[in-house]
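A short worksheet on the structure shown next.
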Amino acid sequence: MKDSNRASIAYIAGRIVGKNKSSSIYDYDRGKYVSISGNIDANRVSVYNYEKGCYFSGTGNDSNYSIYNYGDSCHISLKINGKRFSGYDYDTSTHFSGNVNNKSISIYDYEKSTYFNYNI
């Protein structure tokens, strides 16, 4: 999964699960903040990733979201289960999973076979 897409998913999961409001997310692996803002509620995701210069938007129902990545012209599926989430990035044909603990988000990227950590 591309770095900016992973940061967007971490941001979206952090907003949905943790109910955290923020205009950026800190990417520990890259040592920087990524500016992302927009609206997220139980049925809709619409955020803009300023680093990537594109929108991520879609619909959902509290636990299953279909998100379109306008930068790479592909979908990302996202399932929420309590504080855990999982999904599939159709751009890289890669699964991911993770969890949200307050403002900390951890994602396991199956393409990279490693964990990535964020703070919203």
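Within a 6.0 Å radius of CG in N61, other residues, nucleotides and ligands contribute more than 12 heavy atoms.
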Determine all donor-acceptor pairs shorter than 3.5 Å in which one atom belongs to a side chain in residues 111-120; sequence neighbours excluded.
unit_1	atom_1	unit_2	atom_2	d
E111	OE1	M1	N	2.0
N117	OD1	S106	OG	3.2

Pairs under 3.5 angstrom only: tabulate donor-acceptor contacts from the side chains of residues 25-33 to other protein residues two or more places apart or in another chain.
unit_1	atom_1	unit_2	atom_2	d
D27	OD1	D29	N	3.0
D27	OD1	R30	N	3.1
D27	OD2	R30	NE	2.7
D27	OD2	R30	NH2	3.3
R30	NH1	E51	OE1	3.4
R30	NH1	E51	OE2	2.7
R30	NH2	E51	OE1	3.2
K32	NZ	E51	OE2	2.7

Distance-only check: which donor-acceptor pairs under 3.5 Å involve side-chain atoms of residues 86-98, not counting sequence neighbours?
unit_1	atom_1	unit_2	atom_2	d
D89	OD1	D91	N	3.1
D89	OD2	T92	OG1	3.0
D91	OD2	K2	NZ	3.1
T92	OG1	T94	OG1	3.0
T94	OG1	T92	O	2.9

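If you take OH on Y65 and CD1 on I80, they are separated by 6.5 Å, rounding to the nearest 0.5 Å.
Under the 4.5 Å side-chain criterion, counting only non-hydrogen atoms from C-beta, I9 is in contact with I107. Annotation: side chain of N5 is in contact with side chain of K52 (closest heavy-atom distance under 4.5 Å).
Checking side-chain atoms of R44 against main-chain N and O of G58 turns up a donor-acceptor pair under 3.5 Å. Panel note: side chain N69, backbone D72; a donor-acceptor pair is recorded below 3.5 Å.
Closest of all the heavy-atom pairs between V17 and K83 is CG1-CA, 3.7 Å. Scanning both residues, C54 and G71, for their nearest heavy atoms gives SG-N, 3.4 Å. Nearest heavy atom pair, residue S46 against residue S57, reads CA-CB, 4.0 Å.
Counting only residues at least two apart or on different chains, the side chain to side chain donor-acceptor pair (under 3.5 Å) pairs with a member in residues 6-21 are D3-R6, R6-D109, S8-N49, Y11-R15.
The hydrophobic clustering, which links ILVMFWY residues whose side-chain heavy atoms are closer than 4.5 Å, places I16 and V47 together. Y55 and I12 fall into different hydrophobic clusters, where Ile, Leu, Val, Met, Phe, Trp and Tyr side chains are chained together by heavy-atom contacts under 4.5 Å.
Looking at residues two or more places apart in sequence or on another chain, you find a ring-ring contact (aromatic ring centres under 6.0 Å, His included) between Y50 and Y48. Evaluation of the side chain to side chain contact (heavy atoms under 4.5 Å, CB included) rule for N43 yields D41 as partners, not counting sequence neighbours.
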